[in-house]
Structure formats: structure tokens, C-alpha cells
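Residue numbers count from 1 along this sequence.
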Amino acid sequence: MSVFNIHPQLLQDCHHLGQLPATDLLLHRNASLPWFILVPDTELADFLDLPAEHGRAVLADCVAVSGFIKNLLGFSKVNFAGLGNVVPQMHLHVIGRATVDPCWPQPVWGNLEDSEAYSPERLEEWQYALVRMLDLKPVTPVD
């Protein structure tokens, strides 16, 4: 991937875990549920505007993160969205959901209050698992 800047709001709201083949992988700082954000290296604002091959590569990263959420973290439901109403840079949300999460069945946007933070140990554990499972190129240290 070429060097590009991730929008400051995303970096403020998330931990930057590293790079997948077609996206940078972020983890939302609110540890109430696993909320991953994938940022493709593009100036385009909307996923549906990506050239077909690039779109397939970005979607493959999203599918891989969904598999991580389901297979390693044990969630049976994953929400997937690309909104971009607040942050104009293209980014895609892949979120593990469960009937016991704090805002179920509502969407996370506007319904998830700030709560617990990830421990450094949990961040390192998940980052290492993503390196093993998805060939993540880690950012060291996780911010």
C-alpha cells in the first residue's frame, strides 16, 4: 500500500492495529464490543465507486475481519456498513454484535455510550492473532 494519511477523527477514535492487503485496520477505542474500521488507500469517498478489482480486495479484507470476529472472538452476528457522514474519508465498519451487547438491537451509532477501554494486553493479543490469522502488518506499538 502507498503511504496515505488516515483522517484525524478516525485516529482519535481508534487504535491503529496495522495494514491488511487492501486496507489499514483500526479498532474503535470503546471495548464494549469489537468494532473494527477498515480504511482503504483511496481518495474516493464511497465504496461503490471503487474500481472492481480494488473493491474486491477491500471486501476480502472485510470478510477476513468478519471471520476473525466470528471464529476467534465467538460472535455469531457481524454488522457491516460504510457511512462516511461524519468522517468523509472512506472507511468501513465491521462490528461484532450479540443480544447481550449494551445497545442491542439498536445500531451502535448514537446508542453506544463510552465505557471500558481495551487493556494493552488485549490489544497486543488481538493484534498478534490478526498477524497470525490475516497476515496483518502490525503498527508497533498499537496506539
Side-chain angles (χ1 to χ4, degrees), residues 1-119 121-139 142-143:
M1 292 180 71
S2 63
V3 176
F4 76 110
N5 294 317
I6 297 173
H7 192 281
Q9 186 65 54
L10 291 174
L11 293 174
Q12 179 181 326
D13 293 345
C14 300
H15 299 285
H16 188 187
L17 299 176
Q19 292 182 329
L20 293 170
T23 59
D24 272 70
L25 182 61
L26 310 176
L27 176 64
H28 197 283
R29 292 186 187 277
N30 190 331
S32 298
L33 43 79
W35 182 347
F36 292 91
I37 297 174
L38 292 86
V39 184
D41 181 1
T42 182
E43 295 297 319
L44 296 172
D46 296 314
F47 175 78
L48 297 176
D49 292 336
L50 287 172
E53 186 175 325
H54 192 182
R56 283 191 296 274
V58 169
L59 190 55
D61 284 358
C62 294
V63 168
V65 171
S66 176
F68 174 81
I69 292 169
K70 288 181 174 185
N71 298 322
L72 188 74
L73 303 183
F75 285 76
S76 60
K77 176 69 179 142
V78 171
N79 287 171
F80 174 67
L83 302 174
N85 295 343
V86 175
V87 174
Q89 182 176 36
M90 184 190 306
H91 60 286
L92 302 165
H93 302 264
V94 182
I95 309 165
R97 299 298 308 269
T99 58
V100 295
D101 76 41
C103 53
W104 183 268
Q106 302 302 317
V108 295
W109 295 275
N111 294 302
L112 186 62
E113 296 187 20
D114 288 337
S115 65
E116 61 187 287
Y118 285 100
S119 69
E121 297 80 17
R122 174 57 51 95
L123 288 171
E124 186 176 299
E125 172 190 338
W126 284 11
Q127 187 184 46
Y128 180 69
L130 288 159
V131 167
R132 283 189 344 267
M133 293 177 67
L134 308 184
D135 199 27
L136 178 78
K137 306 300 183 239
V139 172
V142 176
D143 55 2

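- Of the residues listed (Leu26, Leu25, Thr23, Val87), the one engaging Val39 in a side chain to side chain contact (heavy atoms under 4.5 Å, CB included) is Leu26, and it is the only one.
- In this structure, Gln89 and Asn5 approach most closely via the heavy-atom pair NE2-O, 3.0 Å.
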Residue pair Arg97, Val108: steps toward the side-chain contact (heavy atoms from CB on, under 4.5 Å) verdict:
CA-CA 9 Å; Arg97 299 298 308 269; Val108 295; 3.9 Å; yes

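- The shortest side-chain heavy-atom distance between Val94 and Phe68 does not fall under the 4.5 Å cut-off.
- Here the CD atom belonging to Gln19 is positioned 8.5 Å from the CG atom belonging to Asp41, to the nearest 0.5 angstrom.
- Scanning all heavy atoms of the two residues, the minimum distance from Asp61 to Ala22 falls at OD2-N, 2.8 Å.
- Taking every heavy atom of both residues into account, Ile37 and Leu10 meet most closely at CG2-CD2, 4.3 Å.
- A donor-acceptor distance shorter than 3.5 angstrom exists from the side chain of Asn30 to the backbone of Glu113, with no hydrogens or angles considered.
- Of all heavy-atom pairs spanning His16 and Val139, the tightest one is O-CB, 3.6 Å.
- Taking CZ from Phe80 and SG from Cys62, the interatomic distance works out to 4.0 Å, rounded to the nearest 0.5 Å.
- Using the six-membered ring where Trp is involved, Trp109 and His93 have ring planes that are perpendicular, over 60° apart on the 30 and 60° scheme.
- Annotation: side chain of Ile95 is not in contact with side chain of Phe36 (no heavy-atom distance under 4.5 Å).
- Put simply, the side chain of Leu38 reaches to within 4.5 Å of the side chain of Val65, judged on heavy atoms.
- Closest of all the heavy-atom pairs between Leu44 and Asp49 is CD1-O, 3.4 Å.
- Taking 4.5 Å as the limit, some side-chain heavy atom of Ile6 sits within range of a side-chain heavy atom of Leu11.
- In terms of modelled atom types and a separation under 3.5 Å, the side chain of Asp101 and the main chain of Cys103 share a donor-acceptor contact.
- The shortest side-chain heavy-atom distance between Ser76 and Lys70 does not fall under the 4.5 Å cut-off.
- Gln127 contributes a side-chain N or O that, together with a main-chain N or O of Leu17, makes up a donor-acceptor pair within less than 3.5 Å.
- Under the ring-ring contact (aromatic ring centres under 6.0 Å, His included) criterion, Tyr118 pairs with Trp126, not counting sequence neighbours.
- Residues Phe75 and Pro34 form a side-chain contact, since some pair of their non-hydrogen atoms from C-beta on lies under 4.5 Å apart.
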Might you work through the side-chain contact (heavy atoms from CB on, under 4.5 Å) test for Thr42 and His54, ending with a clear yes or no?
CA-CA 10 Å; Thr42 182; His54 192 182; 4.1 Å; yes

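- The structure places CG of Leu33 at 13.0 Å from NZ of Lys77, a figure rounded to the nearest 0.5 Å.
- Atom CD of Glu121 sits about 9.0 Å away from atom CG of Leu123, to the nearest 0.5 Å.
- No side-chain heavy atom of Tyr128 sits under 4.5 Å from any side-chain heavy atom of Leu136.
- Heavy atoms of other residues, nucleotides or ligands lying less than 6.0 angstrom from CD of Glu43 number 12 at most.
- Inter-residue side-chain proximity for Arg29 and Asp13 is flagged as unmet; no heavy-atom pair is nearer than 4.5 Å.
- Taking every heavy atom of both residues into account, His28 and Cys14 meet most closely at CA-SG, 3.9 Å.
- Atom CG of Leu27 and atom NE2 of His15 lie 6.0 Å apart (nearest 0.5 Å).
- Between His91 atom NE2 and Leu83 atom CG the span is 7.0 Å, to the nearest 0.5 Å.
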